[in-house]
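A short worksheet on the structure shown next.
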Amino acid sequence: MAVVQKWREGMSSDNVKGLVLALSSSLFIGASFIVKKKGLKKAGASGIRAGVGGYSYLLEPLWWAGMITMVVGEIANFAAYAFAPAILVTPLGALSIIISAVLAHIILRERLHTFGILGCILCVVGSTTIVLHAPQERQIESVTEVWDLATEPGFLFYTALVLTAVFILIYQFVPQYGQTHIMVYIGVCSLVGSISVMSVKALGIALKLTFSGTNQLVYPQTWAFTLVVITCVLTQMNYLNKALDTFNTAVVSPIYYVMFTSLTILASVIMFKDWDGQSPTQILTEMCGFVTILSGTFLLHKTKDMADGPGLSTSLSMRSLKHEEDDGFGEGIPLKRQDT
């Protein structure tokens with residue numbers, strides 16, 4: 001209770017707004033997957049399924065409702081970065097996985113395994129730990145202040161390392177190992193993603209100040225951050241699609257979440273100095289919360305296709321065999337889909 005009382009007294013209004021927006025984002029994004037899947041099923045019942053190249057879902061209002069819900073969630077997530085530090089907002093994205101899993105269990109009748117429930121609990125515990133010990137958002141009065149933070153030697157060095165690693169991966173490793181090693185595509189997405197979140201946060205701050213009466217659109221720095229956001233997001237989408245098309249989604253999702261979130265927190269700590277003024281105990285507690293969320297996320301993804309009951313081992317064996325046939329696991333290339 002003492003920790004909660006201290007949190008209530010010390011949590012800034014901006015952090016509260018960012019927390020509410022991040023939670024709303026997870027709710028909308030998690031629900032959007034279920035609504036879209038319901039729309040896809042409904043469209044597939046009366047037309048050609050999307051999985052075999054059909055586009056009848058574009059005429060299904062339920063699918064569009066899911067898309068609109070997802071857009072609302074992404075807007076809320078974008079706004080959350082303008083109010084709260086990335087170390088608070090980014091890990092809370094795991095809650096969308098919980099919401100999606102719970103709603104799938106209730107609405108789509110997809111069985112949630114006991115270990116999946118444990119994964120949900122771990123994500124909630126880890127998220128609560130981070131929220132209770134999250135650093136305060138620093139007060140910024142102009143986008144030029146963010147530009148000054150972005151051009152400090154520490155973050156410039158980090159950016160140079162990221163760009164060097166990305167170019168090496170794209171031009172050296174993608175042609176040779178992109179189709180066989182999952183970390184190549186995900187590495188590009190995660191490294192670029194850490195820069196994109198910092199730019200999104202800068203752009204969000206600029207828009208927040210503009211809407212509050214201090215126009216930031218007159219500064220070239222605002223448009224520079226906008227250009228970086230567009231470039232990074234397009235690069236992320238390109239290589240994430242490659243990863244999803246090549247490897248098993250159940251493996252891509254947790255690995256991408258771990259790498260993207262870890263690098264984003266690192267970039268935020270370097271650029272915005274989130275840990276300045278925090279004690280080693282607070283920092284260690286936040287890291288423990290983050291590791292707890294990662295554990296819960298892996299459990300959810302690892303067990304989402306399992307079902308409780310005496311026939312579990314047989315069911316898993318048959319499902320494993322099916323995945324080997326469908327995904328090409330039996331060809332000696334782990335996690336790789338077989339081209340048809």
Side-chain angles (χ1 to χ4, degrees), residues 1-26 76-77 79-98 118-141 145-146 148-150 152-155 157-158 162 190 193-195 197-198 200-202 204-205 208 254 257-299:
M1 290 300 294
V3 174
V4 175
Q5 184 64 29
K6 183 179 179 182
W7 172 74
R8 286 177 177 173
E9 295 174 354
M11 190 114 173
S12 67
S13 60
D14 276 356
N15 268 27
V16 172
K17 292 175 184 175
L19 173 62
V20 171
L21 286 166
L23 293 176
S24 301
S25 171
S26 295
N77 188 57
Y81 282 109
F83 292 98
I87 197 172
L88 170 62
V89 176
T90 307
L92 291 181
L95 296 181
S96 64
I97 302 173
I98 297 178
L118 177 59
C120 292
I121 294 172
L122 287 174
C123 287
V124 172
V125 171
S127 299
T128 304
T129 303
I130 289 179
V131 168
L132 291 176
H133 297 85
Q136 300 294 333
E137 173 75 343
R138 63 186 299 158
Q139 295 299 317
I140 295 177
E141 304 297 332
E145 291 184 36
V146 186
D148 291 339
L149 293 172
E152 287 186 355
F155 190 72
F157 179 70
Y158 174 80
V162 166
S190 302
S194 67
I195 301 297
V197 169
M198 296 303 101
V200 163
K201 184 172 178 62
I205 291 172
K208 180 182 73 172
Y257 175 79
V258 171
M259 287 191 65
F260 168 72
T261 307
S262 301
L263 289 170
T264 297
I265 290 175
L266 175 62
S268 183
V269 167
I270 295 173
M271 180 173 170
F272 290 96
K273 302 173 179 60
D274 292 331
W275 284 342
D276 283 6
Q278 285 200 298
S279 66
T281 303
Q282 289 175 302
I283 296 172
L284 182 60
T285 304
E286 290 165 13
M287 289 297 96
C288 289
F290 178 51
V291 171
T292 304
I293 292 175
L294 298 185
S295 304
T297 303
F298 269 107
L299 264 180

With sequence neighbours excluded, what pairs up with [X] under the side-chain contact (heavy atoms from CB on, under 4.5 Å) test?
X: Thr90; result: Tyr81, Ala86, Phe260, Thr261, Thr264
X: Ser25; result: Ile29, Ala76, Asn77
X: Ala150; result: Phe155, Phe225, Met271
X: Val124; result: Ile98, Thr128

Next item on the list: Could you tell me which non-hydrogen atom of Pro91 sits nearest to which non-hydrogen atom of Ile130, and how far apart they are?
Entry: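 Looks like CB-CD1, 3.7 Å.
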Item checked: Those residues that, when tested against Gln278, pass side-chain hydrogen bond (donor to acceptor under 3.5 Å, both in side chains) (two or more places apart) -> Glu286
Margin query: I'd like to check the side-chain hydrogen bond (donor to acceptor under 3.5 Å, both in side chains) partners of Tyr158; sequence neighbours left out, ordered by chain and number.
Written below: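 For Tyr158, the residues satisfying side-chain hydrogen bond (donor to acceptor under 3.5 Å, both in side chains) (neighbours in sequence not counted) are Ser194.
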Applying salt bridge (Lys or Arg N to Asp or Glu O under 4.0 Å), name anything that partners [X], two or more places apart in sequence or on another chain.
X: Lys17; result: none
X: Asp274; result: none
X: Glu152; result: Lys273

Checklist line | Pairs flagged by ring pair (Phe, Tyr, Trp, His ring centres under 6.0 Å) wherever residues 269-299 is involved - sequence neighbours left out | finding: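 Output for this query is empty, none listed.
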Note to self: Has Ser268 got a side-chain atom pairing as donor or acceptor with Pro85's backbone, closer than 3.5 angstrom?
What the structure shows: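 Looks like no, no N/O pair under 3.5 Å.
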